[in-house]
Each structure stands twice: as structure tokens, then as C-alpha cells.
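Chain naming here is simple, since letters A, B, ... match the order of the sequence lines and numbering starts at 1 in each.
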Amino acid sequence: MSEAGATAPILACRGLTKRFGGVTALENVSFDLHRGEVLALAGDNGAGKSTLIKAISGVHHPDEGEILFKGERLTLANPRHAREVGIETIYQDLALADNLDVGANVFLGREPVVRALGLLPRIDRRAMRMAAAGVLETLEIDIAPKKLGLPVRSLSGGQRQAVAIGRAIYWKAELLIMDEPTAALGVPEQRKVVELIHRLKRQNVAIIFISHNLIDIFAVADRILVLRRGQKAGERRPAETSHDEIVKLMVGG
Amino acid sequence: MAPSLAATPEAERHPALAFLATAWSWLFLVLLAVFFETWARLAYGVSFLLNPFNVQSIALFAALPLLLGLGQTFVIIAGGIDLSVGFVMGLAAVVMARVMQVLTPEAPALALPAGILAAFLVSLLPGLINGTLISRLRVPPFIGTLGMYGVARGVGFLAANGTTVPVNNPWLFAMGTGKWLGVPIPIWITLALVLVMHWVLSQTRFGQYTYALGGNRIAAVRSGINVKRHTLLLYTISAGCAGVAGMVYTARFSAGAAQAGEPLLLDSIAAVVIGGASLFGGSGTIIGTVIGALIIAVIQYGLVFINVEPFWQFVAVGVVIIVSVLIDQSRTRLTGEAKDE
Ligand SMILES: Nc1ncnc2c1ncn2[C@@H]1O[C@H](COP(=O)(O)OP(=O)(O)O)[C@@H](O)[C@H]1O
Ligand SMILES: [Mg+2]
């Protein structure tokens, strides 16, 4: 468990509410998150998990409530704005351009440009490859050097997930949001992503992740926030709860 | 314990396959050249390739479909298609000829740049409309540019009064038939555009975003790339290339014609696909398109040279297109997604 409770939270959500027409997807949800802390979001399909992270990553504007990030009230215009303040979101399988290499993906949309002959603009691929290799190294992600120059489609699902995370870290994400980071992976690769989350935590990144997998949740989460029909059904520390209790909170009754 | 995220075995085979996929078009071009060279020597006792006239003719054959193919390469890599290029080229050719027809009696020297400018501006318009339809109004590229195919065709014939528009201007004649360092001006123009487009595609952010768009549109959006603006530019560039092709046509034949690019549309798409671009988007190169255009030109010119009925050209080019798409598909299947376990 982290002693993070002593310091101010990096993220504080207060009474978040989001309606889509007649549907209240999110109702009066509040929680805190500290640096180096992992919050798991659990809940049945349609419970509002995606809506909650989309509100924090600038995709949706909450109808009510507020988001405090690093102590300041945040009104996010769009996902790009969220990224600029240090909130990175990784969506399962939508994160990378499969036909580009690791460096290109890490820098997509923010490529360093140099001038050839002091005139012609040119993307600095060497710098991109080296920076990508560097960040993968600090995260202890093992990808063969010759693979760094190949389209990421030639990497495994876990490696791709790691590249997406590495990209977020390279761009100084302080809050990392992951929607089902292990869902499309086989068991060994799931375990590696879980290890990676542990390492990010040690590097003081705050993490929110959605998962359907209680084993993963209990393996990495400091706290578990359970949503049911858009409302907060409960918040528990893994050490103080059980799979059964979490499932009960999820389904109600 | 540091995780070693080992890749799946399918992925290990990728490098060799990727190389083959791009290498085969080079190989094919060489084989074609060897074939016609052998035939020419055995049947006529002359050389096919060592004859500068043949080489120049092939280059001129390749130039117009290649000019169309340059913009098309960008569009196809981004996952789109531009069916309107042939008639946009014709429209530009007609407008250039019309403007020069009017201006030549007054100011023959000024008529050429004026014609070029008019053709260029006119060609951008259909591109901007295509791009707006596709990026803002979500019209599928195939449909939007097919509509523009019809519109540009109609307007082109209207502007030409249904016939060809001849121009008698020495400057235009020089541009179409003159040479510099022994190489025809149209080939210099094509070469210059090839270099620019190659640089843009392979070295700049614009090129990178074009690949990203074809690889994963959503990832591109999430990366903060202005996908709508980029799409608009892609179709405008494609139309601009068609405009240049129209200028070269008018210069070469001292006349503009609305149907100038009609047979070239398929050749241009074929050049892109033969050059290794995937019609699913995400891959392709300018060099590949150059090779593709040369392959088509060698087939077309070579078959005429060895006295085969000209209709066999269509059969041969058609077969090459089908084979290259098959190669693309098997490549996608073999090297595609290295899914987990
Ligand atoms: N863009 C949207 N428009 C309308 N309804 C939505 C939208 N997004 C989510 N919802 C609704 O909000 C509720 C919560 O959805 P969601 O946040 O996706 O749940 P979860 O991710 O937990 O499965 C569901 O009833 C869903 O149908
Ligand atoms: Mg969801």
C-alpha cells in the first residue's frame, strides 16, 4: 500500500455526472487518486466505466461535478488538451498505427523535424528511434533492436501495449488511463503488462485502469472503485476485500 | 524479473517477406526488359534497350500515368482512392489550351505562364471539393471521386465545346517537344515532381501522417493529427498532380482535350498498386509507383515494338494488376497481425 494518502491527490473527481439523452451514464461519482497509486475501475457492462475515463481524458464533458488535477480545476476541451496537461489514455488496440515502426508511433503527431541542407524539412528518424529505445529501456521493455525499425504489426499484442505505454511515459504522462489493457492478450502477456504497471507505479505515475479480470485487479490495484449503473457502488482496498465482495458490488444485492 | 515480450514466430518471417514484396516489382521490370531485349535481338537483330529512341519513348509513355499516379499514391496510402484524376487532367488541359488560344495573338510569351496558372488553379478546385466531401461530409472516396469523374468530364467537354482545342504557340511547342541535356522537357517536369513527392512522402511529417492515416485512422486522430485537413490536402494534391499532367498533355500535343486522361486513370492506379501500395491503405512508395509506371510503359511499348496486336496490352497490364493485388493480399495474410497465442 502507498503512503500517498499523506500528500495532496493528483486527481480528484467530485460528483461527476454525465447524461446521454435519457440515460444517466454516470451519476455523482467522486474519488481521489495519488501519484504512484493504481486505481482499478470495475463494473458490469454499461456500468459507466468508459464514460468515467472519457470524462477525465477530455472526450466527454461532464454535465455536473468537477475534476481537480494537481489541485486545479480542469475543464478539458478535448483529448489533446488532456494530453497536454499530462493525462494520457490508452485504448485497447486503437493506440498504434500498425504500419509504422516503434519510433514513429512514440512520436506520432509530434515528430522532431530537422532541416536537410539547412532547407528541406525532414523527420529525424534516428532521434525518434533512439528516444523510443531509451524509454523502452527505462521501462525494462525488451524488444529486439532490429524490431524497432519494423512496423509494430510485427510485435506481439503485449509488446504493442508496452509501446503505447512507453509513448505515454515519454511524453511525461503523470496520469495514465488504460481501458482494458490486458483484455486482448494471452495469459503470459497479461502478466507482463501487470508487471509493467507495477514499474510505472514505482516511477510515481498515477494509474487508472479498467479491467474485467479480478486476478489482474487484485494483482496491481491499490484501490478498487466499483461502478454499478453509473453510480459508485463501493471503493475497497484489495487487502480488505475479496473477489466475492467485488462481484457482489458489481452486480448488486 | 524483466519481462521479455517475445514476438510470435509469424512476425519473425516479416523482414524477408517485406523485402520480397517490394523487390518483386524491380525484378519484374528487369525480367520484362530482358524479355523484350531477347526478342528484339532474336527476331530483328537489334537492341531494344540500347536504342535511345526506345528508352525515351518508354519514358514519355510512362510520364502521364506517373504524374497522375504520384498524387494517387498519397491518396491510396491514406486508405482512399481518387477516380477523378483522369478527367481533372482533361479539364486542366482544356482550360490551359483555351486560355492560351485567347492570349496567344496578344502576348504569346505571356500566354504560357498564364495558361499554366489557369490550368493549375482549375485543377485544384475538384480536389478541394473531393476533399471536402470525403473529410467533412463523410462521403466514401470511391463515390465522391466517381461523382467528380462525371462532373469534371462534363465541364471539360463543355469548356472544349465538345472537341479538341488546338493552340499554336511556339513557347508551348517548346515546352512539349523541347529538350534539355538531350532529355525531353516533359520528362524533366515529371522527374522534378517525382523528387518533390518522394521527399514529402518519405521524409516529412505530411508523409508520415499519410501513412498513419492509412494504418490506423483512429490512432491518427488520437495523436492530434488534423485528419480532416490532411484528407482535404491529399485530394487537393492528387488533383494538382492531375493538373500538371494536363499541362504536359497540352504542351506535348499543342492541344487540349477533355478526354486526355480517360485511359490513364486505370494505368495510374495500376502503377501505384504494382509499385507495392496496398489498396487497403497504409503502404506504398513513390519509387514503387515509378517502377509500376515503367512496367506498364515497357509492356505497352514493348508489345507494339514486337508487333503484337495492340489489344494484348490491355490483357497484359490487366494480368499484372491482378498478380500484384494477389501478392499484396498474400503478404497481408502472411505478415499481418501477429496476434497473441
Ligand atoms: N456516446 C453515448 N451515447 C449514448 N449513450 C451512451 C454513450 N456512451 C455510453 N452510453 C451509455 O452509458 C452507459 C454507460 O456506458 P459505458 O460507460 O460505456 O459503460 P462500461 O464502459 O462500464 O461498459 C450505458 O448505458 C451506455 O449505453
Ligand atoms: Mg466500456
Side-chain angles (χ1 to χ4, degrees), chain A residues 78-80 83-84 89-91 93-100 104-105 107-113 116 120-123 125 139-144 146-147 149-164 167 184-196 199, chain B residues 1-15 17-19 77-79 195-196 199-227 230 277-278 280-284 331-332 334-341:
Chain A
N78 51 43
R80 184 170 199 162
R83 210 174 307 118
E84 277 159 13
T89 309
I90 295 169
Y91 296 91
D93 253 21
L94 297 175
L96 303 179
D98 272 353
N99 56 333
L100 300 180
N105 269 292
F107 283 88
L108 189 57
R110 299 180 272 209
E111 295 80 359
V113 173
L120 300 170
R122 176 171 67 78
I123 290 180
R125 291 186 198 281
L139 294 176
E140 296 172 44
I141 297 160
D142 191 12
I143 297 178
K146 68 176 168 115
K147 291 243 160 179
L150 292 180
V152 296
R153 83 162 70 82
S154 66
L155 302 179
S156 70
Q159 287 176 321
R160 292 213 296 253
Q161 192 69 253
V163 170
R167 166 193 164 103
L185 306 180
V187 175
E189 295 239 291
Q190 283 181 11
R191 210 162 297 142
K192 282 162 196 155
V193 171
V194 166
E195 283 173 33
L196 182 51
R199 242 172 282 132
Chain B
M1 180 187 67
S4 72
L5 298 168
T8 50
E10 298 94 278
E12 304 289 1
R13 301 205 299 263
H14 183 269
L17 277 166
F19 174 72
I77 289 173
L195 288 177
V196 171
W199 182 271
V200 171
L201 184 60
S202 65
Q203 303 296 333
T204 69
R205 282 186 174 182
F206 188 88
Q208 190 80 347
Y209 299 167
T210 304
Y211 284 104
L213 204 51
N216 186 342
R217 187 175 195 279
I218 296 168
V221 172
R222 295 234 160 100
S223 302
I225 296 169
N226 189 338
V227 167
H230 194 88
S278 166
F280 304 110
S283 66
R331 178 176 32 150
T332 315
L334 285 172
T335 65
E337 273 57 341
K339 288 277 182 240
D340 307 278
E341 279 81 353

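Closest approach of A:N99 and B:Y211 over heavy atoms only: ND2-O, 2.9 Å. Taking each heavy atom of B:A212 and A:L108 in turn, the nearest pair found is CB-CD1, 3.7 Å. Here the closest non-hydrogen pair linking A:R83 and B:G224 is NH1-N, 4.2 Å. For A:A104 against B:Q208, the heavy-atom pair with the smallest separation is CB-NE2, 3.0 Å.
Proximity to chain A (any heavy atom under 4.5 Å) is restricted, for B:Y209, to the side chain, taken from C-beta onward. Contact annotation for A:L100: only side-chain heavy atoms (C-beta onward) come within less than 4.5 Å of a heavy atom of chain B. Looking at A:A116, only its side chain comes within 4.5 Å of chain B, counting heavy atoms on both sides.
Looking only at heavy-atom pairs under 4.5 Å with chain B, the residue among A:E111, A:R110, A:R80, A:R125 that has the most is A:E111.
Within a 6.0 Å radius of CZ in B:R217, no more than 12 heavy atoms belonging to other residues, nucleotides or ligands are found.
To the nearest 0.5 Å, atom OG1 of residue A:T89 and atom CZ of residue B:R222 are 8.5 Å apart.
Side chain of B:R205 to main chain of A:V113: no donor-acceptor pair is present (N/O by atom type, distance under 3.5 Å, no hydrogens or angles).
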